[in-house]
Amino acid sequence: MALRYQKPPLVEALCGVRFASTQERSWDWAIPGMLYERIRDRFPIRREHHAINIPVATPVPMGAAAPSIERLQFVSGDENTVVQVGPDLLAVNSLRPHLGWAELRDTLLDILIVYRDIASPSGIATTAVRYINRVEIPFLAESGFTLERYFNVLPGLPAGVPRMVTTFVIHTEVEYEAPAAIFRFLFGTTESTAQIAAFTLDYEHVSQESSPPTFDSLRGWLDAGHDRIELAFYGSFTPMTHAEVFQEIRS
Amino acid sequence: MSSAQVSFIDLSTRGTEQARRGAIRPSDIATRASNEAKARYDATARVLGLHPLPRPVAIDVESARWFAFLDTLEARVAAGSMSPVQCSTLLSIWDRARARQPSLRRPAVGVSDDGLLNASWSFIDMPGRVFSMEIQRDGAIDWFYRDAATDTSRGSEDELPRELPAEALEFLAAGFGMNPAGSR
C-alpha cells in the first residue's frame with residue numbers, strides 16, 4: 001500500500017546502477033551525448049555536475065579534499081526529474097514533488113534500455129534505491145519538545161547524561177536476504193530555524209557487491225528495495241507524526 | 001562496516017553547496033581514534049548537513065509522558081475533569097521549580113476519580129526519594145517529600161496551602177534535577 005501524505009517529508013528519491021565493465025569498448029564521454037540525443041525530448045536541460053561527492057567506501061583522509069565524481073545531468077522541463085550519467089553510472093533522481101515510485105523505477109528502466117543499447121555494459125556491479133527525507137517539526141514553546149512524540153528511532157545516551165540533546169546522527173546498516181542487500185539508515189539533526197527543528201532521515205537500499213542483481217532481475221530488486229524503505233519509513237515515526245506532521249491521507 | 005557494504009556513491013543532488021562549506025568541523029583531540037573513523041564521521045556529517053537544533057530537545061519517556069499530559073490540559077479543563085485553578089496551580093509550580101532547577105525532571109501526572117490532580121517525582125534511579133502532591137479542585141496543595149538516604153520526611157500540615165511553600169520547592173529543585181544533590 002503506497003503511503004500518501006498532504007505534507008510528505010520526501011526531499012529526493014533516486015535509484016541508480018553502476019555497471020560492470022563494458023564489453024565492446026571502454027566507457028567514454030561520448031556515451032552521455034549519445035544518450036542525450038535519445039532522451040532529450042523528455043529531459044531537455046543539460047547540466048554538468050562537478051560537486052564534491054563522498055565515495056564513502058574509500059575514507060577520505062582528514063583535511064584532504066574529497067575526489068569529485070563528474071557526471072552529466074539531463075533534467076526534465078519541470079526540473080523535478082534528473083537523469084545522471086557518468087563513467088559506468090546511470091541514475092534517476094526525483095525531486096519534490098516526487099514522481100511516485102512506479103514512475104521513478106520505470107524511468108530508470110526505460111533509460112537503461114537505451115543506455116545498454118549505446119554502451120553495452122556487461123552487467124550490474126551495484127544498484128541502489130534511496131529516499132532522503134527532511135522532517136520539520138515546529139517548536140511549541142508552551143509544551144516543549146520531545147523526540148519520542150515524533151520518532152520511533154531515538155539516539156541513546158549513557159546513564160547519567162542529561163536527556164536533552166542538540167545534535168545527533170545515527171548511522172545503522174543491516175543485511176537483507178532474498179534479495180540480498182545492505183539497508184542503510186541515517187537519521188540526524190540538520191539545519192533548523194529558531195522555530196523549527198529539522199531532521200534528515202535517509203534510507204538507502206544497496207546491493208551486495210558479491211551478489212548484484214542481473215538486468216533481468218533488476219526490476220524486482222528495485223521493488224524490494226522500495227518496499228523495505230517504505231516499511232522502514234513507516235516504522236520510523238509515531239502515529240501522531242504520520243497524522244499531524246505529514247498529514248497522512250487515509251482512504 | 002566493510003567497503004563492500006558502502007560501495008554506492010552519493011548521487012543525491014541536494015545540499016551540495018552546504019556539503020562544500022562543511023556543516024560541522026569537529027574539533028577532534030582524541031589520540032586513539034583511527035583516521036578512518038574520523039573521516040567517516042566527517043564525511044557523514046557533511047553529507048547529512050549535520051547541524052545542532054536551535055534548542056535542546058528531550059529524549060526520555062518522562063518528558064514524553066509530561067508533554068502528553070500537557071497536551072490534554074485544555075481539554076480536561078473544558079471537559080470539567082480538572083478545574084482551571086488546578087491547571088494554573090500545577091503550571092505555576094512547574095514554572096517556579098524549573099526557574100530554580102532548569103534540569104528538573106518531569107513528574108508523573110494524572111487526575112484521580114475524585115478530581116484530585118496528582119503529580120509525583122519518583123524514579124527508579126533515585127531509590128528512596130519521592131516528592132508527591134495532590135492539587136484539589138480549589139487549588140489547595142497537599143504535598144509530601146521523603147528521602148530515605150537522609151531520613152528526611154516533610155509534608156503539608158492540616159491547613160493546606162494554595163501555593164507550594166519555599167521549603168517544598170527547595171526539595172523539588174535540589175532533589176530532582178538531572179544531576180541532583182546526593183545523586184550518583
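Every value quoted in this text rests on a predicted model; they were computed, and no experiment measured them. Any value given below was found using the heavy atoms of this structure, including those in side chains, with hydrogens, waters and symmetry copies removed. Reminder, nothing fancy here: chain letters follow the sequence lines and each chain counts from 1.
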K.L.:
Calculate, to the nearest 0.5 Å, the distance between atoms CG and OG1 belonging to Leu50(B) and Thr189(A) respectively.
P.N.:
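Between atom CG of Leu50(B) and atom OG1 of Thr189(A) there are 4.5 Å.
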K.L.:
With a 4.5 angstrom heavy-atom cut-off, is it the side chain or the backbone of Phe199(A) that approaches chain B, or both, or neither?
P.N.:
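Side chain only.
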K.L.:
Side chain, backbone, both or neither: which part of Ala198(A) has a non-hydrogen atom closer than 4.5 Å to chain B?
P.N.:
backbone
K.L.:
Looking only at heavy atoms, what is the nearest atom pair of His51(B) and Thr190(A), with distance?
P.N.:
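In this case the closest contact between His51(B) and Thr190(A) is CB-C, 3.5 Å.
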K.L.:
Select one option (side chain, backbone, both, neither) describing which atoms of Leu157(A) are under 4.5 Å from chain B's heavy atoms.
P.N.:
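It is the side chain, since no backbone atom gets that close.
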K.L.:
Under the rule for ring-ring contact (aromatic ring centres under 6.0 Å, His included), what residues qualify as partners of His226(A), not counting sequence neighbours?
P.N.:
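Listed in chain order: Trp101(A), Tyr131(A).
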K.L.:
Among Leu154(A), Val169(A), Val82(A), who wins on heavy-atom pairs under 4.5 Å with chain B?
P.N.:
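Option with the top pair count is Val169(A).
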K.L.:
Heavy-atom pairs under 4.5 Å with chain B - which of Val165(A), Ile196(A), Leu147(A) has more of them than the others?
P.N.:
Val165(A)
K.L.:
Strictly by salt bridge (charged side-chain N to carboxylate O under 4.0 Å, His left out), give each pair with a member in residues 72-85 of chain A just once, sequence neighbours left out.
P.N.:
Arg47(A)-Glu79(A)
K.L.:
Can you confirm whether more than 12 heavy atoms, excluding those of Glu177(A), are under 6.0 Å from its CD atom?
P.N.:
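Counting neighbours around CD of Glu177(A), 12 or fewer heavy atoms of other residues, nucleotides or ligands fall under 6.0 Å, so no.
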K.L.:
If you compare all heavy atoms of Leu53(B) against all heavy atoms of Ala197(A), which two are closest, and at what distance to 0.1 Å?
P.N.:
CD2-CB, 3.9 Å
